[in-house]
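I have placed the structure first, in the form of structure tokens, so that the comments after it can refer back to it.
Letters go in sequence order (proteins before strands), and every chain restarts at 1.
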Amino acid sequence: MDLHGYPQAEHGRFEQILNQFLLKSLHIILDSRVPANRPSSRGGEIKKSDKWFNLALGDRPAAMDSLSFWNRSLMEPMIIDIILVQESPNSSSTDMFTETVVERWIVQYDSQRSLAPQIGDASYKKTYKKSIILLRSVYSTLRLLPAYKAFRKQSSSKQNCNFEINYKICSFSSPFSREEEESMKKYSFTPVDAQQGRLSVSVIYREDLSDFNLDAFVSCPLEIITDYVGSLLTDPMRAFPSTSSEKSRPTSFPIRGKQSNSSSPFQRPHSWTSGIHRDVSTQQSQPFSGSPPLYRSPSFSRLRSETAPMSIPHPMMARSPRYLSPNLSDPSRHSLPPLSPRNTKYDPSSHESSSGIRSVRRHDSLRAGELSNTPINVSQKLSRDAKEDSGRFSSLLSSSSSPRVGFSRSSSRLSFQDDFGDSDFSCPFIVDDVDPPDSQTSFLLPHSLNLDGRNSSDVSSQTSSTAKKSQDAAVGALVHMLRTAPPLRKDSSYYTSHSSKIEIEGEVGAASEFFKPRKTSDALEELKVYKEMKDILLSKSGARVAGKENTGT
Amino acid sequence: MNCEVCQLKELDVEHFEIREVLRCILHTILFHRALGLVRPKDIDLELFEITYVQCGDVELERKIDEKIDQFIDRVEKHPNKKNQVIIICLSFYEVKNKQATWFTNKVERLHWEQWYINLNVAQHPKGHLGKSHSSKVVVDPGDIATEARSARRGALESSLRDVLFQIIRFVNEKKDHVPPIPNLEGVSFPYEITISSSSDSAFGMDMFKRMLQTGHPTMLS
């Protein structure tokens, strides 16, 4: 950026605003389009870094943590593509997906040297004020565009979605084809004047999403696991604890008449399920629907399985998806949720994800150890992940054919290190007469940009110990449930998951619930899988726990 | 400072839709004008497939609901016989302390922005056959009435969406007149909401008064 004729402090402040503007707009867009699977941290103190532009959004989406922005120049446009991924209609079992860009957001700073420079401290303050308004309108617009509906559907009923939302961020993009352009509309927000240039945001979006048949209901014969314990690959299973573990309160699993009273389900000590079990016990009188899938996603205010007759909650020990999928004779593309071996974190309350790049995909849901019944065959998906995820965004820049791969070495860098320790940071520009922040420290990139690394190491040790403890208890609970599980029957059962730690944001709180009757064949398939899992578990734990055959057909 | 005025597109609403529609519009405007620190809250409308954003300020919500109640009361007391358009004016002002003189110690309000929400509230059927176009004629077979209702509902939803886009566009296009943001959380600028009808005799007076307040002093002469 041309520094001539500008006081250093003024310029520094402006760079800071620009930096934060790019980050904030990315945060807003990702939050509104990519379903997150972390508990939203709406309650409590607003972090200083979140106060930028007076719009407190809560923690950044995990996706942003993994993006390597270090080499991105502030001068380059930030192009965010929101992509709808659907299985190709002509393929049934093969891994063919069609990806359509349904929205393209372009956030950039247009440098216009011809613009008369405004010297004086009023300029950056005005820029800041106007960008506050701009970001508010971007926020509102995101909720009015057609893709929002798709996002809501994804967030609320992952299991029944026949699509997935993905995104891509880069500094340039291939233009749309003629026919694509015809079906898209453009909306440009009024640019905000800034020092020697303008901040502009625009969006090209597909108006009509009816072609994608987003509302199609997808059947999900396999139900998931109620109590996810952990990945076998990351945390080898331990011996089964005694069933009378430290858990105090029984969870009420399928309540079925007298049988439920005799069973004493467990309360799992998982940090993310603690709330669930507290609540579940209040649901005693409610019918259950099938074997309740456990959604760890904060967007789920309820746990409901769409498919009915299975009333046995079947906690699943973590497995590699590759192990599972061969066992599934189910021709449908649904498979038991894979617990990605890459997942080391089971605590959705930990916002920093160590799985880094993986968080890019929708499989963020797995990151926190939650199980979501993905509509796409997950084992296939994971292999896709392996290919694509590695440095998805950082390599995305390099995967393009343009020589202008955002690794320019200019001094302006988009920095995530905006925390600078909360104590140093003062939110500037709110009041006219506020003292300018210490621009020397604020906009220069600090050495350790690894905001992620710093935090995640703290969290990971904490969560792994939690996970270990949880695993033992979980295994015990699992076994107990297997022993005491009532037979299958057609009743719909209902299982509520509502972690008190997980604050449900308003927009996803109204999750729609789907019930779908299941066929016996589906139940049989599932039963087979459960049996196998049980056998494996039991064999691993030794003869200590004698499993009872799960009767009922 | 000039006063920017935005006339929102007129909407035809039924009684039971008033609350949602007004909440949606008022909160959307306020979200873009509450430039203090906010925690945005997404709210889904029940009657329409629209999500709008609130400031997350409980006090603000209460005030808005109060105003809406007033509006609904007024509408019920004065049934809309002649298809009058009822106007809600949301006005932002700056407080300028006038010099206390012997006679007045008034605080002057300088309005810098005004939004006019125009609602055409359909006649309340009140259970009997009415000639009003919006009444649901009992004789009609259920299907036709339902279709008409859903068509009307669809049209209203689309109009409401248009209004929201109108707000966003206006908010984007006109930014220069917004005063500096005080160091407050949430709603940063004082505002007032007034309700009037197009046929109100007092309405014109209000408008005139407001013009006096916002206009340049030389305008008075």
Side-chain angles (χ1 to χ4, degrees), chain A residues 28 31-32 40-44 46 48 50-58 122 125-146 148-149 151-152 156 187-193 200-201 427 429-434 505-510 512, chain B residues 4 24-25 27-46 48-58 61 92 113 157-189:
Chain A
I28 295 174
D31 259 358
S32 315
S40 78
S41 58
R42 276 320 189 67
I46 300 175
K48 279 186 179 157
D50 203 16
K51 287 183 181 174
W52 274 94
F53 304 101
N54 286 341
L55 198 60
L57 300 171
K125 283 184 186 163
K126 275 207 178 135
T127 302
Y128 187 69
K129 179 180 86 180
K130 293 184 184 177
S131 41
I132 292 178
I133 300 177
L134 173 56
L135 286 174
R136 299 274 167 114
S137 52
V138 167
Y139 191 95
S140 307
T141 306
L142 276 159
R143 275 132 190 85
L144 293 174
L145 292 178
Y148 184 67
K149 213 172 131 190
F151 161 72
R152 289 295 297 273
S156 63
Y187 184 75
S188 299
F189 295 85
T190 309
V192 168
D193 291 328
S200 74
V201 179
C427 228
F429 323 130
I430 292 175
V431 178
D432 258 329
D433 54 358
V434 78
E505 293 193 32
E507 80 265 26
V508 293
S512 49
Chain B
E4 297 286 352
C24 175
I25 297 176
H27 275 287
T28 301
I29 298 173
L30 282 162
F31 176 65
H32 291 96
R33 285 291 178 252
L35 301 183
L37 180 63
V38 298
R39 254 195 251 240
K41 197 163 91 170
D42 294 346
I43 307 287
D44 295 329
L45 287 180
E46 285 166 18
F48 309 101
E49 261 193 32
I50 293 177
T51 303
Y52 69 97
V53 191
Q54 278 188 13
C55 293
D57 184 345
V58 178
E61 269 179 81
F92 294 96
E113 194 173 80
E157 181 177 314
S158 155
S159 299
L160 183 54
R161 216 177 264 276
D162 287 343
V163 165
L164 296 180
F165 270 115
Q166 204 184 348
I167 295 172
I168 290 175
R169 227 172 293 127
F170 184 86
V171 148
N172 264 278
E173 284 165 9
K174 315 256 163 113
K175 292 193 189 101
D176 290 312
H177 64 293
V178 180
I181 306 169
N183 191 9
L184 293 172
E185 278 215 5
V187 180
S188 45
F189 306 116

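Salt-bridge formation is detected for the pair Lys130(A)/Asp176(B): a Lys NZ or Arg NE/NH1/NH2 atom is positioned less than 4.0 Å from an Asp or Glu carboxylate oxygen. Ion pairing of Glu61(B) with Lys41(B) is present here, as a side-chain N (NZ or NE/NH1/NH2) and a carboxylate O approach within less than 4.0 Å.
With a 4.5 angstrom heavy-atom cutoff, Arg33(B) touches chain A only via side-chain atoms. Looking at Ile50(B), the atoms closer than 4.5 Å to chain A (heavy atoms on both sides) all sit in the side chain, from C-beta outward. Looking at Val138(A), neither its backbone nor its side chain comes within 4.5 Å of chain B, counting heavy atoms on both sides. In this structure, no portion of Gln54(B) lies under 4.5 Å from any heavy atom of chain A.
Aromatic ring pairs are classed by plane angle as parallel below 30°, tilted from 30° to 60° and perpendicular above 60°; the pair His177(B) and Phe170(B) is perpendicular.
Listed here is the closest heavy atom pair of Leu142(A) and Ile28(A): CD1-CG2, 3.3 Å.
Arg161(B) forms no cation-pi arrangement with Phe165(B), by the criterion of a distance under 6.0 Å to the ring centre and an angle within 45° of the ring axis.
Between chain A and the options Ile168(B), Ile167(B), Val53(B), Val38(B), heavy-atom pairs under 4.5 Å are most frequent for Val38(B).
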